[in-house]
There are 2 protein chains.
Amino acid sequence: MAVDTFPPIICTVDVVLLTLHDDALHVVLHLRDREPFLGMPALPGGYVHQQEDRDAEDAAVRVLRDKTGIASPYLEQLATLSGPARDPRGWSISVAYYALVPRQLLPVDAAQLRLMPADRLPALPFDHRRIVELAVSRVRVKSHYSSLPVHLCGERFTLPQLQSVYEAVLGEPVNKVSFRRKMDELAMLEPIDGELELGRANRPAQLYRVRREFRRTLSLLERGLGS
Amino acid sequence: MAVDTFPPIICTVDVVLLTLHDDALHVVLHLRDREPFLGMPALPGGYVHQQEDRDAEDAAVRVLRDKTGIASPYLEQLATLSGPARDPRGWSISVAYYALVPRQLLPVDAAQLRLMPADRLPALPFDHRRIVELAVSRVRVKSHYSSLPVHLCGERFTLPQLQSVYEAVLGEPVNKVSFRRKMDELAMLEPIDGELELGRANRPAQLYRVRREFRRTLSLLERGLGS
DNA sequence: CGAATAGTGTCTGTTAGACATTATCGA
DNA sequence: TCGATAATGTCTAACAGACACTATTCG
């Protein structure tokens, strides 16, 4: 069939960059610097560059670096969306990724960025709302049985802090004893010897960090956290 | 940058069509009818046709129908693979899907098809071996906590039959009492009134079918099957 | 009736969550 | 010493798996 008579399929990547703010999942949006939808907040995204990207994930990393300054967040492929109508420029394919980053690693005052709560989004161009919904749902499901939420924490954190991150992501309270048993079962954390979180009027909490082996990987539970 | 000086990115879909044969997962391969790799067994796949496909999934359905004759199997997106080297024709993106089909729905003598055990594959072109591995791994994981394997059964089946399908997919025995409790919990099966599997020298088994609501959906378990 | 497998009752070890207790800080 | 929260011990209910028992067919 006359494939040549059609313009090429548009190949892009989009990244749902998630972080925690005010104990709630937030999405980092980027103000579009070109048409279509110039000036609107949207997911950081862009064309796949076959001359410089080794694959779509590489393109996602590049886009994230160029548009948000985030260098090496936890990044995973989410889904691929396609069709004639999702992009006004023509028939397109977008490989969507999600990324998690600790709040402190976000650039403090980047004029081109917006931090929006994941469950109260503004109108978004393309099918970006659906992509965000997919990402949030994926992160919630995966947080039930994996160490995914540690990538929202900084390098050092206490178990109560980590538990509240899990609770923020899952949107429900977590049993403290079970939570600690599970974190132990994941075998992914190590206490930082002698380091406590002092300064508050109560017993100080032990500081932990992620073991080196799990810095880029997830640890999985046989049985997830309850409810 | 001079995007226009490069040929367009090649956009394709590939489908890992899985079925059960001799109590083991098998992949349906298609003998390629064009270059590259003419004549080699490969995953059914092809170009996305922007003039006729509503999206990549639509393309996968079309490819599956045209190459294997399978009309409406259970189909799910698996992953998207991309890069300059995976296809000798140039920089390509392939949206990969997996599909499950009962053995009896496969065309009996299709000269262009080959049924191969999923864990002892022949050499495959492109990165098709990796795609099959991803699919098998995904199906195994998902079968632990969902009704996915019912799509490998015909319309009517007994619980012992379904259990042996689960065991074949998971590659491990399953506790009978727990299995039945879980199938009950999934609330996805209904007994076919008065229909038993007679003809063998033992107590006949009740025949079941999938409830209409679950024909195109999965049912998920809170806690998966053991081990 | 005997062999064979379907289907179910029941017991026990494991796991998860509720609750209570102890530990350790700042004020 | 008191208030607050960390950390852990312990009890109980829910669950999963092992085993045994009953049911129903064919030969």
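Protein chains get the first letters and strands the later ones, always in sequence-line order, with residue 1 at the start of each. Just so it is clear, the structure is predicted and the values come from calculations on it, not from any experiment. Heavy-atom basis, side chains included; hydrogens, waters and symmetry copies ignored.
Under the 4.5 Å side-chain criterion, counting only non-hydrogen atoms from C-beta, B:Leu124 is in contact with B:Leu29.
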_Output one letter per nucleotide in nucleotides 3-13 of chain D: B when a protein non-hydrogen atom lies under 4.0 Å from the base, S when only the sugar-phosphate is that close, - when neither is._
BBBBBBB----
*Carefully, step by step, assess A:Ser82 and B:Asp55 under the rule side-chain hydrogen bond (donor to acceptor under 3.5 Å, both in side chains).*
CA-CA 5 Å; A:Ser82 55; B:Asp55 54 24; 5.2 Å; no
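Contacts between residues 182-190 of chain B and DNA chain D, counted as heavy-atom distances below 4.0 Å, involve B:Lys182.
If you measure from atom CZ of A:Phe179 to atom C1' of C:dT15, you get 18 Å, rounded to the nearest angstrom. Taking atom CD of A:Glu222 as the reference point, atom P of D:dA16 lies 13 Å away to the nearest angstrom. Separating the CZ atom of A:Arg223 from the P atom of C:dG17 is a distance of 12 Å, rounded to the nearest angstrom. Rounded to whole Å, the distance from CD on B:Gln163 to P on D:dG17 is 12 Å. When the C1' atom of C:dA23 is taken as reference, atom CG of A:Leu198 falls 14 Å away, rounded to whole Å.
Annotation for B:Asp33: atom CG counts as buried by contact number, over 12 foreign heavy atoms lying within 6.0 Å.
The backbone N or O of A:Val174 lies less than 3.5 Å from a partner atom in the side chain of A:Glu167, making a donor-acceptor pair. A:Glu195 places no side-chain N or O within 3.5 Å of a backbone atom of A:Gln206 that could act as its donor or acceptor partner.
Tested against A:Val132, the residues A:Leu43, A:Leu18, A:Leu25 include a single side chain to side chain contact (heavy atoms under 4.5 Å, CB included) partner, A:Leu43.
Taking the six-membered ring for Trp, A:Tyr166 and A:Phe179 have ring centres closer than 6.0 Å.
Screening residues 109-127 of chain A for side chain to side chain donor-acceptor pair (under 3.5 Å) gives A:Arg86-A:Asp127 as the qualifying pairs, with residues at least two apart or on separate chains.
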